[in-house]
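For reference, positions follow the sequence shown, starting with 1. Since the model is a prediction, treat every value here as computed from it, not as a measurement.
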Amino acid sequence: MAQSTTAAALALAVAVLLTACGSPQPPEATPSPTASRAPAEPDASAVPSTPATPAGTLDEPAVLATGLDAPWSIAFLPGGGALVSERDSATIVEVRADGTVTPIIEIAGVDGGDDDEGGLLGIAVHDGHLYWYATGGGENLVQRTTLTGAAGALTFGQPETVIEAIPAAGNHNGGRIAFGPDGKLYVTAGDAAVPSRAQDPASLAGKILRLEPDGAIPADNPFPGSPVYSLGHRNPQSLAWDDDGRLWATEFGQDTWDELNAIEAGANYGWPTVEGIGGDARFRDPVQQWSPAEASPSGMAFAAGSLWIANLRGESLRQVDFGDASASTVHWLDRFGRMRDVAVAPDGSLWALTNNTDGRGTPADGDDRILVFGP
């Protein structure tokens, strides 16, 4: 898709951060117009071996990494380790299985605003590309770059825009991106503080979007020629697929109910006409609902027959067991503070991000951190 001026500005200073002893160094002296590349990959003997991720349990999760700055999203690398986006610094860091944290790329032009909810949000790794969702120039957009090299020696190519002109605001930016079992890219977009947009099929706001990896519109989307997959959303920030390939998403309510929704192509989830279970035949009711004070759900993962949901205001990890999808169990209540994301690692463990440094939490020593446990 063609780049807008904003998209070009966001891509303009994607700067790979060279590192030595864990400290960022300036980018290459003569970067290309849109990106600078990391140094050539060193010999394999120069890359230290990576020990196994420390084991943890649900009752006693292991602390893998500390000192993160408003982390938002986790994306695992094929060769081991993971990438984590930091919302306010617009930096993506690499996290090795031994807990080493290294800044590797900064997305310039990102502007979430002071104390706002925008910035560098969701990231995903798919088929040799790194994808990110970011706020800048008054809009949200998704971009990608090629990703090559081994853990500890990653190399990036030229950024390109996948989708742009998603409405942005100080809050309700959505921001989660993920690839489904069908190989398509799914994107959550909030209503950008204008509730009526969620019911406008011509607006990208208040929707879950579905795209080909390069941004093309899939031929089997429910609305021909449109990236819209479902509508009537307020501020969805999670995407997860169960073992049967069903898509699930959580949603921030306004004052009454947060939601867990089973997402179907072309379905309307009611906002702003309905918040929570409305019993209105025009809309899909949520499978579960919770008060915002006990939930405010962000990232979510499916593992071991359960959905695992990171709660912000609720300061907990919620488990929805598919043996009884009408009930849920709350773990870690008031133990680690605000939770932003949870993701399934290739070894089957779950990684969870705390989010106490985002301006709304109370940071403890070491915050923010990554917690690891076996489901």
Side-chain angles (χ1 to χ4, degrees), residues 48-68 71-86 92-102 104 122-126 130 147 150-152 154 176-181 237-245 248 250 297-312 315-323 328-333 335-356 366-375:
S49 61
T50 303
T53 302
T57 66
L58 183 57
D59 290 336
E60 293 296 335
V63 178
L64 174 64
T66 60
L68 298 171
W72 213 93
S73 180
I74 303 169
F76 291 98
L77 294 166
L83 302 179
V84 173
S85 61
E86 294 186 333
I92 296 174
V93 302
E94 182 181 1
V95 181
R96 304 290 297 277
D98 64 356
T100 301
V101 176
T102 305
I104 58 169
I123 57 174
V125 172
H126 176 76
L130 166 65
L147 173 64
L154 299 173
R176 193 69 58 185
I177 60 176
F179 281 86
Q237 284 190 5
S238 70
L239 296 164
W241 287 262
D242 63 26
D243 286 337
D244 294 324
W248 299 84
T250 58
S298 190
M300 177 172 63
F302 180 83
S306 293
L307 288 168
W308 304 83
I309 304 167
N311 288 327
L312 289 164
E315 295 192 352
S316 60
L317 181 72
R318 184 181 301 274
Q319 179 185 4
V320 177
D321 189 330
F322 273 28
S328 60
T329 303
V330 173
H331 305 281
W332 304 350
L333 182 63
R335 185 175 173 188
F336 300 111
R338 292 161 58 84
M339 306 301 302
R340 174 61 75 180
D341 194 18
V342 58
V344 184
D347 65 1
S349 65
L350 289 176
W351 290 24
L353 281 180
T354 68
N355 203 198
N356 298 310
D367 277 338
D368 272 314
R369 60 193 70 204
I370 298 174
L371 308 172
V372 178
F373 67 96

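Trp351 places a side-chain heavy atom less than 4.5 Å from the side chain of Val95. Put simply, the side chain of Asp341 does not reach to within 4.5 Å of the side chain of Pro71, judged on heavy atoms. Put simply, the side chain of Trp332 reaches to within 4.5 Å of the side chain of Leu371, judged on heavy atoms. Side-chain contact between Pro61 and Arg369: absent, with no pair of heavy atoms (C-beta onward) separated by less than 4.5 Å. Under the 4.5 Å side-chain criterion, counting only non-hydrogen atoms from C-beta, Leu353 is in contact with Ile370. Two residues are said to be in side-chain contact when any heavy atoms from C-beta on lie closer than 4.5 Å; Leu77 and Glu94 meet this criterion. At least one side-chain heavy atom of Ile104 sits under 4.5 Å from a side-chain heavy atom of Leu83. By the 4.5 Å heavy-atom criterion applied to side chains, Val344 and Phe302 are not counted as neighbours.
The two residues Ala151 and Gly80 have their closest heavy-atom pair at CB-O, 3.9 Å. Listed here is the closest heavy atom pair of Leu350 and Ala303: CD2-CB, 4.0 Å. For Trp241 against Ala178, the heavy-atom pair with the smallest separation is CZ3-CB, 3.8 Å. The two residues Ile74 and Ala82 come nearest to each other via the heavy atoms CG2-CB, 4.2 Å. Contact detail for Ala65 and Val101: the closest heavy-atom pair is CB-CG2, 3.8 Å. When every heavy atom of Ala55 is checked against every heavy atom of Ala62, the shortest pair comes out as O-CB, 3.4 Å.
With Gln319 as the fixed residue, the side-chain contact (heavy atoms from CB on, under 4.5 Å) test singles out one of Ser328, Ser306, Pro375: Ser306. For the side-chain contact (heavy atoms from CB on, under 4.5 Å) test with Ile309, the passing option among Val330, Leu317, Val342, Val320 is Val320; the others fail.
The main-chain N or O of Ile123 is found under 3.5 Å from a side-chain atom of Ser73 such that the two form a donor-acceptor pair. Panel note: side chain Asn356, backbone Arg338; a donor-acceptor pair is recorded below 3.5 Å. No donor-acceptor distance shorter than 3.5 angstrom exists from the side chain of Glu86 to the backbone of Leu68, with no hydrogens or angles considered.
When the side-chain contact (heavy atoms from CB on, under 4.5 Å) test is applied to Ala310, the partners found at least two apart in sequence or on another chain are Met339.
Atom CZ of residue Phe336 and atom CG of residue Asn355 lie 15.0 Å apart, to the nearest 0.5 angstrom. The structure places CE of Met300 at 5.0 Å from CG of Leu307, a figure rounded to the nearest 0.5 Å. Leu64 CG to Arg96 CZ: the interatomic distance, rounded to the nearest 0.5 Å, is 11.5 Å.
Between Asp347 and Ser349, the side chains place a donor N or O and an acceptor N or O closer than 3.5 Å (distance only, hydrogens not considered). Defined by atom type and a distance below 3.5 Å, a donor-acceptor pair is present between the side-chain atoms of Thr250 and Ser238.
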Practice task
Evaluate the side chain to side chain contact (heavy atoms under 4.5 Å, CB included) criterion for residues Leu154 and Leu130: first the C-alpha distance (whole Å), next the side-chain angles of each, then the deciding distance (0.1 Å), finally the verdict.
Solution key: CA-CA 11 Å; Leu154 299 173; Leu130 166 65; over 6 Å; no

Handout entry: Derivation and outcome, side chain to side chain donor-acceptor pair (under 3.5 Å), residues Thr100 and Asp98
Key = CA-CA 6 Å; Thr100 301; Asp98 64 356; 2.9 Å; yes

Handout entry: Gln237 and Ser298: CA distance, side-chain angles, deciding distance, side chain to side chain donor-acceptor pair (under 3.5 Å) verdict
Key = CA-CA 5 Å; Gln237 284 190 5; Ser298 190; 2.9 Å; yes

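The aromatic rings of Phe179 and His126 lie parallel to each other, their planes meeting at an angle below 30°, with 60° marking the opposite boundary.
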